[in-house]
Amino acid sequence: MKKFTEITNKLTVYVSYLSMVSVIFIMLYMTLDVILRHVFNSPIKGGYEMTTLAMVVLIFTSWSYTQTVNGHIHVTMLIRALPRKPRFIIFAITSMFSAAVIVIATYAAFLQMLYTYEKCNCTGMLLIPHWPFILVECIALGYFALILLRDAIRAIMAIFNEELAQEIESHWA
């Protein structure tokens, strides 16, 4: 499990590069749009479309990284008072529930991508197809579900491993 965690952590960093590139793209694009709008009175056509499509990539590719670096909020105030075994059983159950919800969201996004592809849905001005961005959403959500499932398995393992339990608890606020 330790090797799998190391591999997924490295892969998560690479996935997060997509969100970083999206942020840089949005910043440069919007800056250029504002300069062209105010200096030359000639805004970039489709600026809103490009920004919203980049935001899809930004948001969904950042979730797995945030989970990996323990940036998501874990409300552990009540379970900290419990003994170690029930504490990690509850934490594992909530992690599995979170993973199941994200799997459902992944499936729904996949169905939406198929529908969008079939109907040839595009942006209004630049006619950029929506389905590739929904595909990125599907992949990112699926990977996020994998990270949540990994964390659930680690929580189950922490029931029997004091060192792993201390590592997981060190990230709880």
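Hydrogens, waters and symmetry mates play no part in the numbers below; they use all other heavy atoms, side chains included.
- Looking at T51 and M30, their side chains come closer than 4.5 Å, going by heavy atoms from C-beta outward.
- In terms of heavy-atom proximity, C138 sits nearest to A109 at SG-C, 3.3 Å.
- Counting heavy-atom neighbours within 6.0 Å of E163 CD, excluding the residue itself, gives a total of 12 or less.
- Here the side chain of N121 pairs no donor or acceptor atom with the backbone of H130 at under 3.5 angstrom.
- Taken from CZ in F88 to CD1 in I93, the straight-line distance is 13.5 Å, to the nearest 0.5 Å.
- Side-chain atoms of E137 never come within 3.5 Å of backbone atoms of V56 as a donor-acceptor pair (strictly under, hydrogens ignored).
- Looking at E49, its side chain does come within 3.5 Å of a backbone N or O of L126 through a donor-acceptor pair.
- L36 and F25 fall within the same hydrophobic cluster, defined by Ile, Leu, Val, Met, Phe, Trp and Tyr side-chain heavy atoms under 4.5 Å apart, directly or through other members.
- At a cut-off of 3.5 Å, with distance as the only test, a side-chain donor of R150 or N9 sits close to an acceptor on the other residue.
- The closest donor-acceptor contact from the side chain of R154 to the backbone of L164 lies at 3.5 Å or more, if one exists at all.
- Partner V57 forms a side-chain contact (heavy atoms from CB on, under 4.5 Å) with one of S62, S19, S22 and no other, that one being S22.
- Residues R84 and A165 come closest through the heavy atom pair CD-CB, 3.8 Å.
- Taking 4.5 Å as the limit, every side-chain heavy atom of T68 sits out of range of all side-chain heavy atoms of T8.
- Interatomic distance, CD1 of I128 versus CE of M50, reported as 4.5 Å (0.5 Å rounding).
- Transitive grouping of hydrophobic side chains (ILVMFWY, heavy atoms separated by less than 4.5 Å) keeps V23 and V15 in distinct clusters.
- Criterion: ILVMFWY side-chain heavy atoms under 4.5 Å apart, direct or through other members. Under it, I44 and Y48 are not part of a common hydrophobic cluster.
- Note: S95 OG to I147 CD1 = 12.0 Å, rounded to the nearest 0.5 Å.
- Looking at every heavy atom in both residues, I156 comes nearest to F160 through O-CD1, 3.7 Å.
- Residues F133 and Y29 share a hydrophobic cluster, clusters being chains of Ile/Leu/Val/Met/Phe/Trp/Tyr side chains in contact below 4.5 Å.
- Atom OH of Y117 has 12 or fewer heavy atoms from other residues, nucleotides or ligands within 6.0 Å.
- Within 6.0 Å of atom CZ in F110, 12 or fewer heavy atoms from other residues, nucleotides or ligands are found, so the atom counts as exposed in its surroundings.
- A side-chain contact (heavy atoms from CB on, under 4.5 Å) with T61 is found for exactly one of I139, L18, T12, L141, namely L18.
- Between the CD1 atom of I26 and the OG1 atom of T31 there is a distance of 11.0 Å, given to the nearest 0.5 Å.
- Cluster membership check: L135 does not share its hydrophobic cluster with Y17, using side-chain heavy-atom separations under 4.5 Å among Ile, Leu, Val, Met, Phe, Trp and Tyr.
- The local environment of CE in M96 is crowded, with over 12 non-hydrogen atoms from other residues, nucleotides or ligands closer than 6.0 Å.
- A donor and an acceptor atom, one from each side chain of S42 and R37, are nowhere located under 3.5 Å apart.
- The 12-atom threshold is not exceeded at OH of Y65, counting heavy atoms of other residues, nucleotides or ligands nearer than 6.0 Å.
- Rounded to the nearest 0.5 angstrom, L148 CG and W63 CH2 are separated by 10.5 Å.
- Within 6.0 Å of CE in M20 there are more than 12 heavy atoms belonging to other residues, nucleotides or ligands.
- No side-chain heavy atom of T106 sits less than 4.5 Å from a side-chain heavy atom of F144.
- F4 has its side chain within reach of L146: a pair of non-hydrogen atoms, C-beta onward, lies under 4.5 Å apart.
- Atom CG of L114 and atom CD1 of I134 lie 9.5 Å apart (nearest 0.5 Å).
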